[in-house]
Number of protein chains: 2
Amino acid sequence: MPFKLIRHRMTRQRQIILEVLRGTGVHPTADVIYEQVRKIMPQISLGTVYRNLRVLTENGEIQELSYGSSHSRFDGNPSDHYHFVCRECHAVADVNLPVMNKINTLAAEAVNGRVESHRLEIYGLCAGCCNNNLCAKDPD
Amino acid sequence: MPFKLIRHRMTRQRQIILEVLRGTGVHPTADVIYEQVRKIMPQISLGTVYRNLRVLTENGEIQELSYGSSHSRFDGNPSDHYHFVCRECHAVADVNLPVMNKINTLAAEAVNGRVESHRLEIYGLCAGCCNNNLCAKDPD
DNA sequence: GTACGTGCAAATATTTTGCAGCAGT
DNA sequence: ACTGCTGCAAAATATTTGCACGTAC
């Protein structure tokens, strides 16, 4: 038997992590999630947060986003959608733009292999950073 | 004077790193670049490779790509283009698809702030992994 | 009862940085 | 000569993991 079916359990830790992620509009990093969850369950460990984020991602209940280099961010909304990333404060927000399935069709002609999905990120300045006079200047 | 102009020097190390990046079709990680450069200049240090990758990225001479979580990859082609990422072997390849500027226009209407650019990644199975019978199965 | 999950702490992996001497312009 | 750059090694960051005990099912 090459594959073993793991029967995941819904522990209190996993449940709280999921609730925190679903209840926030920002797309927090693992340690921000850790801090949030600790307010509800102070004894949780960071390792548990990472393990659960992995399990939830593999289950398709949340999604992992990685922009810039360093740390990952997580999104409690598992459905396919696009993101906006602020080049100044690095905030990540959902973009209210329909998913363009046509991109997969177009890409399939240009790629040697099988196209399954795509990921689109919009970059720029968020409203907050824009108001800090940054929008007066040209982009770097 | 809030900004200081740094006058970068073209050292032999920087030059070799740039040549290695421009001479490869793959999009290598920092330590792969390090190994390549060491064949030409064995005494170079990993810290120098990281410092130069940063400077070159800031200068717009190369670009940094980050998919999945862990390590960054670098692309010796600084012009705007899209990438294909294999979900199995994580190889990254250029996609021969024109840049769709219209996406910025569309996004500008859906975003609160200033849209400057976008990044598009196509996901799927590369030709090699496809041939390993993986294309017979449905995606996970 | 079984075996997945947890907290803790140590281990990994990746990237950054302080420092004294080196080298591009 | 000025100041950025280098190699080295240590530090900082982010994430993973071994282990013994705990708990969902």
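As a basis for the values below, the full set of heavy atoms in this structure was taken, side chains included, without hydrogen atoms, waters or symmetry mates. All chains are named by letter (A, B, ...) in the order of the sequence lines, taking the proteins before the strands, and each is independently numbered beginning at 1.
- Protein atom CG of A/Asn59 is 14 Å distant from nucleotide atom C1' of C/dG5, rounded to whole Å.
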Enumerate all atom pairs, one protein N or O and one N or O from nucleotides 19-21 of chain D, separated by less than 3.5 Å.
none

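- If you take CG of B/Asn52 and P of C/dT16, they are 13 Å apart, rounded to a whole angstrom.
- One finds no side-chain N or O of B/Tyr50 lying less than 4.0 angstrom from the OP1 or OP2 phosphate oxygen of C/dT16.
- Residues A/Pro28 and A/Ile33 share a closest heavy-atom pair of CG-CG1, 3.7 Å.
- Residues meeting the side chain to side chain donor-acceptor pair (under 3.5 Å) test with B/Asn104, sequence neighbours left out: B/His118.
- Distance, B/Ile17 CD1 to D/dC5 P: 12 Å, rounded to whole Å.
- Here C/dT16 presents its P atom at 14 Å from NE2 of B/His71, a figure rounded to the nearest Å.
- By the side chain to side chain contact (heavy atoms under 4.5 Å, CB included) test, B/Arg7 is found to be paired with B/Leu5, residues two or more places apart in sequence or in another chain being considered.
- The interatomic distance linking A/Leu53 (CG) with C/dT6 (C1') rounds to 15 Å, in whole Å.
- Contacts of B/Ile44 with the nucleic acid, taken as non-hydrogen atoms under 4.0 Å apart, involve only primed sugar atoms and P, OP1 or OP2.
- For B/Gln13, there are no side chain to side chain donor-acceptor pair (under 3.5 Å) partners two or more places apart in sequence or in a different chain.
- Atom pair A/Arg73:CZ and D/dA14:C1' shows a separation of 14 Å (rounding to whole Å applied).
- If you chain together hydrophobic residues whose side chains sit under 4.5 Å apart, A/Val55 and A/Tyr34 never meet in one group.
- Where the helix from C/dG1-D/dC25 to C/dT25-D/dA1 starts and where it ends, the local axes point in directions that differ by 50°; five pairs per end, rounded to 10°.
- When the side chain to side chain contact (heavy atoms under 4.5 Å, CB included) test is applied to A/Ser117, the partners found at least two apart in sequence or on another chain are B/Tyr123.
- The side chain to side chain donor-acceptor pair (under 3.5 Å) check on B/Asp94 picks up B/His27, B/His81, B/His83, with sequence neighbours excluded.
- For the pair A/Glu58 CD and C/dC4 C1', the computed distance is 14 Å after rounding to whole Å.
- By the side chain to side chain donor-acceptor pair (under 3.5 Å) test, A/Asn96 is found to be paired with no residue, residues two or more places apart in sequence or in another chain being considered.
- Placement of A/Val32 and A/Ile40 in two distinct hydrophobic clusters is found when ILVMFWY residues are connected by side-chain heavy-atom separations under 4.5 Å, directly or transitively.
- Across A/Ser79 and A/Gln63, no two heavy atoms sit closer than the pair O-NE2, 3.1 Å.
- Between B/Ser45 and A/Leu46, the residue anchored closer to the 5' end of DNA chain D is B/Ser45, taking for each the nucleotide with the nearest heavy atom.
- Contact annotation: A/Thr48 reaches the phosphate of C/dG7 (side-chain N/O to OP1 or OP2, under 4.0 Å).
- Applying the side chain to side chain donor-acceptor pair (under 3.5 Å) test to pairs two or more places apart or on separate chains, those with a residue in residues 41-57 of chain A are A/Arg14-A/Asn52, A/Ser45-A/Thr48.
- At D/dT17, one or more side-chain N or O atoms of A/Arg54 fall inside 4.0 Å of OP1 or OP2 (strictly under the cut-off).
- Note on B/Phe84: it does not cluster hydrophobically with B/Phe74, by side-chain heavy-atom contacts below 4.5 Å among ILVMFWY residues.
- A heavy atom closer than 4.0 Å to some atom of DNA chain C occurs in B/Arg9, B/Met10, these being the qualifying members of residues 7-16 of chain B.
- Rounded to whole angstrom, the span from the CD1 atom of A/Ile6 across to the P atom of D/dC25 amounts to 16 Å.
- By the salt bridge (Lys or Arg N to Asp or Glu O under 4.0 Å) test, A/Arg38 pairs with A/Glu35, sequence neighbours left out.
- A/Asp31 comes within 4.0 angstrom of no nucleic acid atom, judged by non-hydrogen atoms across all strands.
- If you check residues 33-42 of chain B against DNA chain C, you find no residue with a heavy atom closer than 4.0 Å.
- Closest non-hydrogen pair, B/Val95 versus A/Ala110, comes out as CG1-CB, 4.0 Å.
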